[in-house]
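Letters A, B, ... mirror the listed sequences (proteins, then strands); counts begin at 1.
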Protein chains: 2
Amino acid sequence: MKAKISDVAKIAGVSPTTVSRVLNNRGYISKETRENVYKAMKEINYFPNDIARSLFNKRTNLIGMIVPQTSNPFFGELAFHIESICASLNYKVLLCNSLNRIDKEKKYVEMLIRNQVDGVIAVTYNRGIFDSESQSLPVVAVDHYLSTDIPTVSSDNYSGGKQATELLISKDCKHIIHINGPLKLETPANLRRKAYENVMKKYGKQPITYEISNTFDRNIQRETISKVFEENPEVDGIFASDDLLAALVVAEAQKRGKNIPRDLKIVGYDGTEASQTLLPGLTTVQQPIESIAQTAIDILLKEIEGEFSNIPREICLPVKLLEGQTT
Amino acid sequence: MKAKISDVAKIAGVSPTTVSRVLNNRGYISKETRENVYKAMKEINYFPNDIARSLFNKRTNLIGMIVPQTSNPFFGELAFHIESICASLNYKVLLCNSLNRIDKEKKYVEMLIRNQVDGVIAVTYNRGIFDSESQSLPVVAVDHYLSTDIPTVSSDNYSGGKQATELLISKDCKHIIHINGPLKLETPANLRRKAYENVMKKYGKQPITYEISNTFDRNIQRETISKVFEENPEVDGIFASDDLLAALVVAEAQKRGKNIPRDLKIVGYDGTEASQTLLPGLTTVQQPIESIAQTAIDILLKEIEGEFSNIPREICLPVKLLEGQTT
DNA sequence: CTGAAAGCGCTTACAG
DNA sequence: CTGAAAGCGCTTACAG
């Protein structure tokens, strides 16, 4: 049987109330009593039951974190930073991999509510998963607009898209194509495409965007990329909306005997540690993943503390263009 | 205020006991009552408080998962599978990024105990983090021996190391070097080195293993790799103990003007989705990450259910050699 | 400086 | 088929 507070009390010769007091450092307690209690806790290897505490306190110090998939380096890195920062603040993280599926996300949200999480950090493409039932639940969205009253943290996608496109143009690319994920929703990431299109038009060029419908099926992605080359034999610049996509473009280009960067220039997006290690030559727009995590947590904690006054509705963090050998 | 069971009871005109019964599908309940209760729950948006349930049931359905760092694709992918499988079995996962630091691991273990997790899946290099206090805690280790009574799930590291080395030999490499992480501990991953050394000896070659002391500092890794080339100008084959390391070797070799695979052949280890996408040409030994996750969970659940009888002390899953363009 | 009592939201014998 | 009571392990007024 696990030791409980009354066991400690018995051994230390005090009441459970007193044990609780030394545990929480509340009220006056004689040095002697305190030491006796500590000794008793050591003796029977006592650890407080945080479940019981949470029930009373109506505070779990639990944060729900919904990401599409930690095996994707961007989300894996984001998850790492979020959890690490939370741990340093004494918050615990419940991990949820949603695969962007709305059914899973809804289930996860319900699970998080049942588990009384203090707040949720959500990286999800689906609006409407936080509804009526979760009105009072503190939520912060990363990289996606979820609803008018949920703050969003993202990096400066417009600037990133602009820098990527302008780089390709400055390198003399004539036929630049953009490949993006699902475009249906008003996500900040969509601004990457907007920026691409605007820059293209500004330079009198025709923007062409290909959409990858499924983010999780590499074969579908490969097919789309193959189509890009088939339908645009003159393509000499590609801006891919994430590094994995860019890597697939690199592979397909090599398969087709194209010399990079001579025949084709490629810019990716994300600049994760993993992609920079595995494909260090890739030119890419690096997101400030750690500050995204930090900012999201700062905002969420404010919401949790009830400081709704000075919470920005949207925070946009700067990106950094990393020039490699693919441009 | 959040709705609770007594609110539902009041509205449905029954006792809390009855509400609990319909919630848990226990005992006989008239159809009418059941429907009234459901209607009441809908009406006030009631969700059961799992914290309160857990307190009573002494069962949280929580699993602690300790990994070094989810930003590393191998652990990110493992974490994804573990969490996904757990979710499908109605278990929730508390994420812990330990960075392999024993102080962090100990803190995480204590946190998990306080939170009454039903069990822990640990990928850690440090023995002794599960001590006396956690005797009764179900634990399963992945890829590392933690103690004699903690089951270990790993892939067949010896076979992987053997296949990698034999491949290099069969490709006519004369001077093959192995680069590994910290070697101090008796981890299954150490078998990769053992296998390398045995195969080398078998073929009358001198095994040379370089050790990377810090897994998290890319610069230290780069320095060690640079040293490998400096000290062994004749090297024509390198077996790196993970894909990120292999990628660094590729980069360094290119920097030194070596043609891969003509002048130098490289084999990595892990074969994650991310590394196979970002560096598809890499020859590597692929670990069965999903089955590792599945197996670890199977074993952990058995421990949780108290079925200690038929739990193997060690499970070893088959690896797969993926030949790319680096050999 | 310390303890007895009540309660956090739930569930399960027990009784009817 | 249903309800009143006790209890999961803790904490906090309240009283001394």
Side-chain angles (χ1 to χ4, degrees), chain A residues 1-38 40-41 44-62 110-118 133 136, chain B residues 1-38 40-41 44-62 110-118 133 136:
Chain A
M1 271 293 78
K2 260 174 202 161
K4 50 194 181 188
I5 219 168
S6 59
D7 300 324
V8 177
K10 219 167 285 170
I11 293 180
V14 295
S15 72
T17 308
T18 301
V19 176
S20 172
R21 275 211 201 80
V22 345
L23 232 35
N24 296 287
N25 247 315
R26 224 180 285 292
Y28 299 93
I29 291 163
S30 75
K31 210 170 198 170
E32 207 197 324
T33 311
R34 183 185 301 273
E35 278 163 7
N36 282 338
V37 169
Y38 277 126
M41 298 198 306
I44 59 172
N45 237 306
Y46 171 76
F47 289 99
N49 182 330
D50 275 353
I51 294 288
R53 280 185 172 191
S54 299
L55 182 59
F56 186 91
N57 293 327
K58 294 164 176 301
R59 196 72 146 54
T60 54
N61 271 36
L62 264 179
E110 186 182 324
M111 179 277 273
L112 295 173
I113 291 175
R114 284 166 174 257
N115 282 276
Q116 316 298 116
V117 293
D118 292 339
E133 71 262 27
S136 58
Chain B
M1 271 299 73
K2 260 173 201 161
K4 49 195 184 188
I5 221 169
S6 59
D7 301 324
V8 177
K10 221 168 282 170
I11 293 180
V14 296
S15 73
T17 308
T18 301
V19 176
S20 172
R21 275 212 201 78
V22 347
L23 233 36
N24 295 289
N25 249 314
R26 223 181 286 291
Y28 299 94
I29 291 162
S30 75
K31 210 171 200 172
E32 207 196 326
T33 312
R34 183 185 300 275
E35 278 163 8
N36 281 340
V37 169
Y38 277 126
M41 297 197 306
I44 59 172
N45 237 306
Y46 171 76
F47 288 99
N49 181 330
D50 275 352
I51 294 288
R53 281 186 169 189
S54 298
L55 181 58
F56 186 91
N57 293 327
K58 294 163 177 302
R59 195 74 145 53
T60 53
N61 270 36
L62 264 178
E110 185 181 324
M111 179 277 274
L112 295 173
I113 291 175
R114 284 166 175 257
N115 282 275
Q116 316 298 118
V117 294
D118 292 339
E133 71 261 28
S136 58

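Comparing atom distances between the B/Tyr46 side chain and each of D/dT11, C/dC10, C/dG3 picks out C/dC10 as nearest. Closest contact between the side chain of A/Ala52 and the listed nucleotides D/dG7, C/dT2, D/dC10 involves D/dC10. For A/Lys4, the listed nucleotide lying nearest its side chain is D/dG9; candidates were C/dG3, D/dG9, C/dG9. The side chain of A/Arg21 has C/dG3 as its nearest neighbour among C/dG7, C/dG3, D/dC8. Nearest nucleotide to the B/Lys58 side chain, out of D/dC10, D/dC8, C/dG9: D/dC8. Between D/dG9, D/dG3, C/dT11, one nucleotide has an atom nearer to the side chain of B/Val14 than all others, and that is D/dG3.
At the phosphate of D/dT12, neither OP1 nor OP2 sits under 4.0 Å from any side-chain N or O atom of A/Thr17. Phosphate contact (OP1/OP2 of D/dT2, side-chain N/O of B/Ser30, threshold under 4.0 Å): present. Taking 4.0 angstrom as the limit, A/Thr18 places a side-chain polar atom (N or O) nearer than this to OP1 or OP2 of C/dG3. Note on B/Thr33: a side-chain N or O is less than 4.0 Å away from OP1 or OP2 of D/dT2. Within the 4.0 Å cut-off from OP1 or OP2 of D/dC1, not a single side-chain nitrogen or oxygen of B/Lys31 is found.
Between A/Glu35 and A/Lys31 there is no salt bridge, since none of the side-chain N atoms of the basic residue sits less than 4.0 Å from a carboxylate O of the acidic one.
Rounded to a whole Å, the NZ atom of A/Lys10 is 18 Å from the C1' atom of C/dT2. The CZ atom of A/Arg53 sits 18 Å away from the P atom of C/dG9 (whole-angstrom rounding). Here D/dT2 presents its P atom at 9 Å from CD of B/Glu32, a figure rounded to the nearest Å. One can place CD of A/Glu35 at 14 Å from P of C/dC1, the figure rounded to the nearest angstrom. Note: CG (A/Asn49) to P (C/dC8) measures 18 Å, nearest angstrom.
Judged purely by atom type and a 3.5 angstrom limit, B/Asn49 uses its side chain to pair as donor or acceptor with the backbone of B/Ile51.
A heavy-atom distance below 4.5 Å is found between the side chains of B/Pro48 and B/Arg53.
B/Arg26 comes within 4.0 angstrom of sugar-phosphate atoms only, judged by non-hydrogen atoms across all strands, and of no base. Nucleic acid contact for B/Asn24: sugar-phosphate only, since backbone atoms but no base atoms lie under 4.0 Å from a heavy atom of the residue.
Put simply, the side chain of A/Ser15 and the base of C/dA4 share no donor and acceptor less than 3.5 Å apart.
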Treat a base pair as Watson-Crick or G-U wobble with both distances under 3.5 Å, then lay out DNA chain D in dot-bracket form, 5' to 3', with | for cross-strand pairs.
|||.||||||||.|||

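With 3.5 Å as the limit, one finds no donor-acceptor pair spanning the side chains of B/Ser20 and B/Thr17.
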